[in-house]
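For ligands, and for the atoms within them, numbers begin at 1 and follow the listed sequence.
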Amino acid sequence: METSVATRKPNRCEADLLAVLVSEFKSEGVSGARVAKLPKPLVLADFGDAAFADIVRVITRGDFSGKKGESALLHPGPDFAAKRLLLIGMGDAGALDASGLRAAAGKAVRSTQDHKGKRVAILPPPVRRLRAEAVAQALAEGAVLGNYRFDRHQSKSGKALRETQLLFAGANDLRAARKGAATGVILAESQNLARDLSNEAPNLLPPVKLAEAAKRVARETGLQLRVLQPAELEKRGMGAMLAVAQGSANPARLIVLEHNAPRAGKTGGSRSRKSKSGARKTVCLIGKGVCFDSGGLSLKPAGSMVKMKHDMSGGAAVIGALRAIALLKLPQHVVGIVGAVENMPSGTAYRVDDVLKSASGKSIEVTNTDAEGRLVLADCLHYAQTEYQPAAIVDFATLTGACIIALGRWAAAAIGNNERLRTRMVRAGEATGERYWPLPLWDEHLEHMKSRIADIRQTGGRDAGTITAAAFLAHFVAEDQPWLHLDIAGMADTEQGTSTQPTGATGFGVRSVVALIREGGLKGL
Ligand code: BES
Ligand code: MN
Ligand code: ZN
């Protein structure tokens, strides 16, 4: 979809639907004769006499007062260029924020789709708390996210829109809005890429295909790509990740996407988190890329296996985030690492009671082959630390069903060893509408994962399953290595559609982690 910023007057705006976003106003006393009581933005905007009369009528008859959730569809006469005019209520003007704008833009797009239209125009209300750039970014995000459909396997497809116009006035606003809209489009399209990867059927997206998808992203953006094959993983001693993969006919891949890779020949210092101030800092984003999770020999019951194609959503979010980071040309050095495997039961599958040797050298006692994600992440965490000495590591994983029990589908869990990093991620999530909530990680949790057979045991029992999974991971992170684990099990897919989120994969994590990095979330950890 094309997204543009225009100064066109509302009545001259050619589109299948023009959405006018209106904050709540007091409608008492409004009548055709007392137009002055109408909200100022509606009076000032040039709708033309006939369309304006239509708007006044809807309001005086009590059908619209800008309340949140309210909308009214009008069909102004022939001198109005757009085919439809949709009034969308935004609620209390003082409380209006980016998420309200995103939702309204999504609504405008959805409504246009429902009327088989291809072009929408959106006229935002005045927003006290946000500048034109932020308003345009939120609207562009909402429009692109709302336009998303995963219909590639349906013979009847093609409802998506072709064009969104955002209406702004004044040269300064116009320039700022163009910048914001461009940012919003990049972020939302990157989130949609993550949705596409997660939504794709697992027979069509095994680890090898996920790596090919990353290659397409690298070609599009200029990101550097490295794909490690099983022989290389073997050589590096990645026995934890390889154990998960060994039950499947589809071989593993370790996918590494790098933004602002230091040029070859340049020496050491700038890559190290221990380097003197002024050196460029590296952040590693790690994603769980289990392309299908059957549970392995500890097989999932039929009902629990449904939707396990989404078990690579952490990896998808990392690939989406790297795409956005590259296209936004962020100054930081960012590395995305995705451990891509399939967890299947077979004669070659890893067993319960097996003892594995991880890349770090620590041995692991297998207690449940369905706890495969932490094994994949363990080797990825080691790879990140030894290859890049990052200033921070953030991992995304649909790691535990227990996380859905703890936080439902309202938030992802944030667990780590660095309170600053965790707090900044929670804040970035609030700003982008992707909610994270902290859970503790104490020495007792780490202690709990000790094994009688090996160095560490894979699982910690029913109690605090999300925390014990994180405690397992912590055994593969150096104590002085800032690290944050995000369990997105409850957020990666949804049954509850909204105007910006159809059912299925959400692409959760992309916008918030880019915001974290963009807003200097790595400084002084
Ligand atoms: N991929 C699942 C976690 C999951 C469950 C994600 C439901 C999304 C929805 C993970 O690999 C898993 O199976 N975890 C086990 C861990 C247990 C065996 C300790 C779980 O949560 O049951
Ligand atoms: Mn599992
Ligand atoms: Zn899993």
Can a protein heavy atom be found under 4.0 Å away from atom 22 (O) of ligand 1?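 Within 4.0 Å: no protein heavy atom nearby.
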Numbering the atoms of ligand 1 from 1, which are under 4.0 Å from a heavy atom of [X]?
{"X": "T398", "result": "1 (N), 2 (C), 3 (C), 6 (C)"}
{"X": "N368", "result": "18 (C)"}
{"X": "K288", "result": "1 (N), 10 (C), 11 (O)"}
{"X": "A489", "result": "6 (C), 8 (C)"}
{"X": "R374", "result": "16 (C), 19 (C)"}

What protein heavy atom is closest to [atom], reported as residue, atom name and distance in Å?
{"atom": "atom 2 (C) of ligand 1", "answer": "D293 OD2, 3.6 Å"}
{"atom": "atom 10 (C) of ligand 1", "answer": "L399 O, 3.3 Å"}
{"atom": "atom 12 (C) of ligand 1", "answer": "D370 O, 3.2 Å"}
{"atom": "atom 1 (N) of ligand 1", "answer": "D311 OD1, 2.8 Å"}
{"atom": "atom 20 (C) of ligand 1", "answer": "G401 N, 3.9 Å"}

Tell me which N, O or S atom of D311 sits nearest to the Zn ion (ligand 3).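 In D311, the N, O or S atom with the shortest distance to the Zn ion (ligand 3) is OD2.
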Set out, in order, the CA-CA distance, both residues' side-chain angles and the distance that settles side-chain contact (heavy atoms from CB on, under 4.5 Å) for E258 and Y388, then state yes or no. CA-CA 11 Å; E258 194 168 349; Y388 298 101; 3.5 Å; yes
Within the 4.5 Å heavy-atom criterion, are M1 and T164 side-chain neighbours or not?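 Contact flag for M1/T164 side chains = yes.
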Let's go through V135 and Q137 carefully: what are the C-alpha distance in whole Å and the side-chain angles of both, what is the deciding distance for side-chain contact (heavy atoms from CB on, under 4.5 Å) to 0.1 Å, and is it a yes or a no? CA-CA 5 Å; V135 171; Q137 182 183 327; over 6 Å; no
Exercise: identify the closest heavy-atom pair between L204 and K209: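 Looks like O-CG, 3.6 Å.
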Closest heavy-atom pair and its distance - L223, L322: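 Minimum heavy-atom contact is CD1-O, 3.6 Å.
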The Mn ion (ligand 2) - closest N/O/S atom in D293: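 The atom in question is OD2.
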Which is the closest N/O/S atom of E372 when seen from the Mn ion (ligand 2)?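 Minimum-distance N/O/S atom of E372 relative to the Mn ion (ligand 2) is OE1.
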Tell me, yes or no, whether the heavy-atom count around E220 atom CD, taken from other residues, nucleotides or ligands under 6.0 Å, exceeds 12.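 Yes, enclosed.
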Please check if the number of heavy atoms outside D463 that lie under 6.0 Å from its CG is greater than 12.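 No, not enclosed.
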In a check of side chain to side chain contact (heavy atoms under 4.5 Å, CB included) between M312 and each of L210, D293, V338, which one passes?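 Checked L210, D293, V338 against M312; only one passes side chain to side chain contact (heavy atoms under 4.5 Å, CB included): L210.
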Name the residue from K288, M238, M241 that meets the side chain to side chain contact (heavy atoms under 4.5 Å, CB included) definition with V376.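 When K288, M238, M241 are each tested with V376, the side chain to side chain contact (heavy atoms under 4.5 Å, CB included) holds only for M241.
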Parallel under 30°, tilted from 30 to 60°, perpendicular over 60°: which one fits the rings of H153 and F150?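 Perpendicular: the ring planes of H153 and F150 meet at over 60°.
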Could a heavy atom of N343 be found less than 4.0 Å from some atom of ligand 1?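 It does not, in that no heavy atom of N343 comes within the 4.0 Å cut-off of ligand 1.
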Could you tell me whether Y436 and F508 have their ring centroids closer than 6.0 angstrom?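 Yes - the distance between ring centres of Y436 and F508 falls below the 6.0 Å cut-off.
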Below 2.8 Å, can you find an N, O or S atom of D370 next to the Mn ion (ligand 2)?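 Coordinating: yes.
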Within the structure, does [X] bring an N/O atom to less than 3.5 angstrom of an N/O atom in ligand 1?
{"X": "T400", "result": "no"}
{"X": "G373", "result": "no"}
{"X": "T459", "result": "no"}

Angle subtended at the Zn ion (ligand 3) by E372 OE2 and D293 OD2, rounded to 10 degrees: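 For OE2 of E372 and OD2 of D293, the angle centred on the Zn ion (ligand 3) reads 90°.
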Any N/O/S atom of L399 sitting less than 2.8 Å from the Zn ion (ligand 3), backbone or side chain?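 Not a single backbone or side-chain N, O or S atom of L399 is under 2.8 Å from the Zn ion (ligand 3).
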Where does H310 meet ligand 1, judged by heavy-atom distances below 4.0 Å: at the side chain, the backbone, both, or neither?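 Neither part.
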Answer with side chain, backbone, both or neither: which part of K300 has a heavy atom less than 4.0 angstrom from an atom of ligand 1?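 It is the side chain that gets close, since no backbone atom is under 4.0 Å.
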Considering only heavy atoms, which of M491, M308, E372, M305 lies nearest to atom 9 (C) of ligand 1?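 Among M491, M308, E372, M305, the closest heavy atom to atom 9 (C) of ligand 1 belongs to M308.
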Does NZ or CZ of R195 come closer than 6.0 Å to the centre of the six-membered ring of Y148, within 45° of the ring's axis?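 The answer is yes; both the distance and angle limits are met.
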Between S190 and R323, does a side-chain hydrogen bond (donor to acceptor under 3.5 Å, both in side chains) hold up when you go through it step by step? CA-CA 6 Å; S190 299; R323 178 188 184 274; 2.9 Å; yes
Determine, stepwise, if the pair E519 / R424 fulfils salt bridge (charged side-chain N to carboxylate O under 4.0 Å, His left out). CA-CA 9 Å; E519 270 123 57; R424 286 174 189 170; over 6 Å; no
